[in-house]
K.L.:
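Following this message is one structure expressed as structure tokens.
Here the structure is a predicted model, which is why all the values come from computation and not from measurement.
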Amino acid sequence: MAGIPHTGKAMQAELPLPDADALAHSRRLSDFIRTEIAGAGGAIPFSRFMELALYAPGLGYYSAGSSKFGEAGDFVTAPELGPLFASCVAEAVAPVLRQLGPEAEFVEIGGGSGAFAEVMLKRLLALDALPARYAILEPSADLRQRQRERLGRSLIPPVFDLLEWLDQPPAQAWNGVLFANEVIDALPTPRFTLRDGEVFEEGVALDGEGRFLRTERPADALLAAAVRHVERYLQLPFPDGYRSELLPQLPYWIQAVMGGLRSGAMLFVDYGYPRREYYLPQRSDGTLRAFYRQRMHHDVFLWPGLQDLTASVDFTALAEAGTNAGFDLAGYCTQASFLLGNGLQRRLEEVEERAQEAAKQRFRNEAKQLTLPSEMGERFQAMGFARDVEFGAAFLMNDLSWRL
């Protein structure tokens, strides 16, 4: 998860220095990672480094207590900009919830600050499409507490009572909607490269002074097979030295997070590309980057625990994973098309009729950030899957499935 810097553009710039307490925290996490590297014989896969940097208990970026979202954090996600994003998602999924009946559930993966759930539940109430349960799968105890406090203040008791926080995906059979905004980009990703036509996996080792550095080792069978699958799809082998990310575990992750989902829909919004664009020759060092205090940069080893690490999503891989899980691809489009096709203009017109000028301007600015190609409108995309329900109407505006 990285959203966009608050400026609206991912700019590489001189980074502000963390304070002494933050640097001490980063040193503790760095020492923890160094210990694991030593215990592993001198190197760990990059995916493991990313996992520890983001999720190590009490130390990782998403496990510790610093602010991540909004102006005071490192990036701004679509729900943090205002209510428009969640309102449009509610418009898109309300028909699915109605089709499934009164026992339908909604599961959000990674609740962020709680801003999305707040608007989503209020809008579903207005649309007479409240689910029987609204569950948030949130691994961070700190974020979970912040979500509870925010939603407890902002929702009326009967709506708040629909909320449940999950430690793991629902194992029992359920029908409903699974939703994830900017989640897949934060999955710890393997990195690969080619040497003499053979696939190698990028690892992390230590130099003589204990600093993190890249290393390589022959890829295991799963990663090597995944790279060859992509080459066959592209009908072109990767040249030696080409380096990028690939998530061979994505199909297993989809199966895991959907849990016992039988009938319903899945909706994913993230930034990325269809496969042919993801692995363009000019993108020869992949898409991995770091976000710190509204700035994007490429030193992923800098200040572990204080910065977000993220890689773009291969939406072709996501389509393969969703359909292999037994769902039909409902549609794929840019975020701008998805929002415009699910009520964005109507919401703006309502604001223009009722709000004061200052509020009108805030909503206009929010809509621009969500939809303009230079902001989030095209870099972010939406992909939906359905089983036993109709969900394709949410993607009728400029469906791009043909690009996959």
Side-chain angles (χ1 to χ4, degrees), residues 1-5 10 29 33 45-57 59-70 73-80 107-116 136-144 146-147 168-169 178-191 204 244-254 256-257 266-273 278 286-298 300-315 317-318 321 335 376 379-383:
M1 180 183 293
I4 55 172
L29 177 55
I33 297 173
F46 175 80
S47 57
R48 179 58 177 165
F49 173 87
M50 185 172 174
E51 180 181 2
L52 293 173
L54 296 181
Y55 303 110
L59 293 172
Y61 180 77
Y62 285 108
S63 302
S66 63
S67 177
K68 316 295 189 293
F69 311 97
D74 299 303
F75 49 81
V76 179
T77 62
E80 308 299 325
V107 176
E108 180 185 359
I109 306 175
S113 69
F116 177 85
I136 300 176
L137 178 60
E138 178 55 73
S140 167
D142 172 68
L143 288 176
R144 184 181 295 204
R146 296 186 192 195
Q147 293 157 16
Q168 56 190 13
L178 179 74
F179 174 73
N181 178 58
E182 292 196 60
V183 172
I184 297 175
D185 65 84
L187 296 180
T189 179
R191 297 254 293 166
V204 179
S244 193
E245 305 82 32
L246 197 153
L247 275 171
Q249 71 270 35
L250 185 58
Y252 309 104
W253 182 84
I254 292 287
V257 296
M266 300 189 291
L267 175 61
F268 301 93
V269 181
D270 224 311
Y271 47 86
Y273 315 92
Y278 195 107
T287 68
L288 185 70
R289 64 267 203 205
F291 283 81
Y292 178 76
R293 295 294 181 265
Q294 313 294 343
R295 294 164 174 83
M296 185 272 286
H297 67 99
H298 294 284
V300 296
F301 297 144
L302 180 69
W303 304 327
L306 305 186
Q307 60 180 7
D308 189 21
L309 305 181
T310 179
S312 296
V313 174
D314 174 358
F315 275 93
L318 180 58
Q335 177 174 286
M376 303 176 78
R379 291 189 296 114
F380 286 73
Q381 284 135 51
M383 178 170 283

K.L.:
Return the set of residues passing side-chain hydrogen bond (donor to acceptor under 3.5 Å, both in side chains) with Ser312 (not counting sequence neighbours), or none when no residue passes.
P.N.:
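Partners of Ser312 by the side-chain hydrogen bond (donor to acceptor under 3.5 Å, both in side chains) criterion, ordered by chain and then number, come out as Arg289.
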K.L.:
Short question: side chain of Gln249, backbone of Pro188 - any donor-acceptor pair under 3.5 Å?
P.N.:
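A pair under 3.5 Å: yes.
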K.L.:
How would you list, by chain and number, every residue that makes a side chain to side chain contact (heavy atoms under 4.5 Å, CB included) with Pro45, sequence neighbours excluded?
P.N.:
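Applying side chain to side chain contact (heavy atoms under 4.5 Å, CB included) to Pro45 gives Ser47, Arg48, Glu201, Arg217.
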K.L.:
Measuring from Ile184:CD1 to Ile254:CD1, what's the distance to the nearest 0.5 Å?
P.N.:
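Result: 5.0 Å between the selected atoms.
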K.L.:
Identify the heavy atoms of Phe49 and Val204 that sit nearest to each other, and give their distance.
P.N.:
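Scanning both residues completely, I find the closest heavy atoms to be CB-CG2, 3.7 Å.
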K.L.:
Whether the side chain of Ser63 engages the backbone of Tyr55 through a donor-acceptor N/O pair (distance < 3.5 Å, no angle test) should be reported.
P.N.:
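Yes: the side chain of Ser63 pairs with the backbone of Tyr55.
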K.L.:
Would you check, one step at a time, whether the test side chain to side chain contact (heavy atoms under 4.5 Å, CB included) holds for Leu247 with Trp253?
P.N.:
CA-CA 10 Å; Leu247 275 171; Trp253 182 84; over 6 Å; no
K.L.:
If you round to the nearest 0.5 Å, how far is CD of Glu51 from CZ of Phe46?
P.N.:
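If I round to the nearest 0.5 Å, the distance is 11.5 Å.
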K.L.:
Return the minimal non-hydrogen interatomic distance between Val269 and Gln335, and the atom names on each side.
P.N.:
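Minimum heavy-atom contact is CG1-OE1, 3.7 Å.
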K.L.:
Which residues pass the ring-ring contact (aromatic ring centres under 6.0 Å, His included) test with Tyr278, not counting sequence neighbours?
P.N.:
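Expected list: none.
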K.L.:
Nearest 0.5 Å, please: how far is CG in Asp270 from CZ in Arg379?
P.N.:
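If we round to the nearest 0.5 Å, Arg379:CZ and Asp270:CG are 11.5 Å apart.
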K.L.:
Can you name the side chain to side chain contact (heavy atoms under 4.5 Å, CB included) partners of Ala180, sequence neighbours left out?
P.N.:
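With sequence neighbours excluded, Ala180 shows a side chain to side chain contact (heavy atoms under 4.5 Å, CB included) to Ile109, Val183, Phe268, given in chain and number order.
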K.L.:
Would you find a donor on one side and an acceptor on the other, under 3.5 Å apart, between the side chain of Gln381 and the backbone of Gly272?
P.N.:
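Yes.
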K.L.:
Side chains of Leu302 and Tyr292, heavy atoms from C-beta outward: is any pair under 4.5 Å?
P.N.:
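Answer no - side chains too far apart.
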K.L.:
Kindly write out the residues that satisfy ring-ring contact (aromatic ring centres under 6.0 Å, His included) with Tyr252, not counting sequence neighbours, or none if the list is empty.
P.N.:
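So Tyr252 forms no ring-ring contact (aromatic ring centres under 6.0 Å, His included) with any residue.
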K.L.:
Below 4.5 Å, heavy atoms only, C-beta onward: do Leu29 and Tyr61 meet side chain to side chain?
P.N.:
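The answer is no; the side chains never approach within 4.5 Å.
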K.L.:
How would you list, by chain and number, every residue that makes a side-chain hydrogen bond (donor to acceptor under 3.5 Å, both in side chains) with Gln147, sequence neighbours excluded?
P.N.:
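side-chain hydrogen bond (donor to acceptor under 3.5 Å, both in side chains) list for Gln147, sorted by chain: Glu138, Trp165.
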K.L.:
Provide the closest heavy-atom pair for Thr189 versus Ala311 in the form atom of the first, atom of the second, distance.
P.N.:
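Nearest heavy atoms, Thr189 then Ala311: CG2-CB, 4.1 Å.
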K.L.:
Closest approach of Pro79 and Ala115, non-hydrogen atoms and distance?
P.N.:
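The pair with the smallest heavy-atom distance is O-CB, 3.8 Å.
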K.L.:
Looking at Asp185 and Thr310, would you say the former's side chain and the latter's main chain have a donor-acceptor pair under 3.5 Å?
P.N.:
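No; zero donor-acceptor contacts below 3.5 Å.
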K.L.:
Could you tell me which residues satisfy side chain to side chain contact (heavy atoms under 4.5 Å, CB included) with Pro169, sequence neighbours excluded, listed by chain and number?
P.N.:
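Scan of Pro169 (side chain to side chain contact (heavy atoms under 4.5 Å, CB included), adjacent residues dropped) gives Leu137.
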K.L.:
Find out whether Phe116 and Asn181 are in side-chain contact, i.e. whether some heavy atom of one side chain is under 4.5 Å from a heavy atom of the other.
P.N.:
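No; the side chains remain at least 4.5 Å from each other.
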K.L.:
Quick one, Leu309 with Leu54, criterion side chain to side chain contact (heavy atoms under 4.5 Å, CB included). Give me CA distance, side-chain angles, the key distance, then yes/no.
P.N.:
CA-CA 7 Å; Leu309 305 181; Leu54 296 181; 4.3 Å; yes
K.L.:
Please list, chain by chain and in numerical order, all residues satisfying salt bridge (charged side-chain N to carboxylate O under 4.0 Å, His left out) with Glu108, sequence neighbours excluded.
P.N.:
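In terms of salt bridge (charged side-chain N to carboxylate O under 4.0 Å, His left out), with neighbours along the sequence ignored, Glu108 is linked to no residue.
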K.L.:
May I ask you to decide if Leu288's main-chain N or O and Glu245's side chain share a donor-acceptor pair within less than 3.5 Å?
P.N.:
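Confirmed, Glu245 side chain pairs with Leu288 backbone.
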K.L.:
Can you tell me how far CE of Met266 sits from CZ of Phe179, rounded to the nearest 0.5 angstrom?
P.N.:
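Atom-to-atom, Phe179:CZ and Met266:CE are 13.5 Å apart.
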K.L.:
What is the minimum heavy-atom distance between Gly286 and Arg191, and which atoms define it?
P.N.:
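Looking at all heavy atoms of both residues, the shortest contact is CA-NH1, 4.0 Å.
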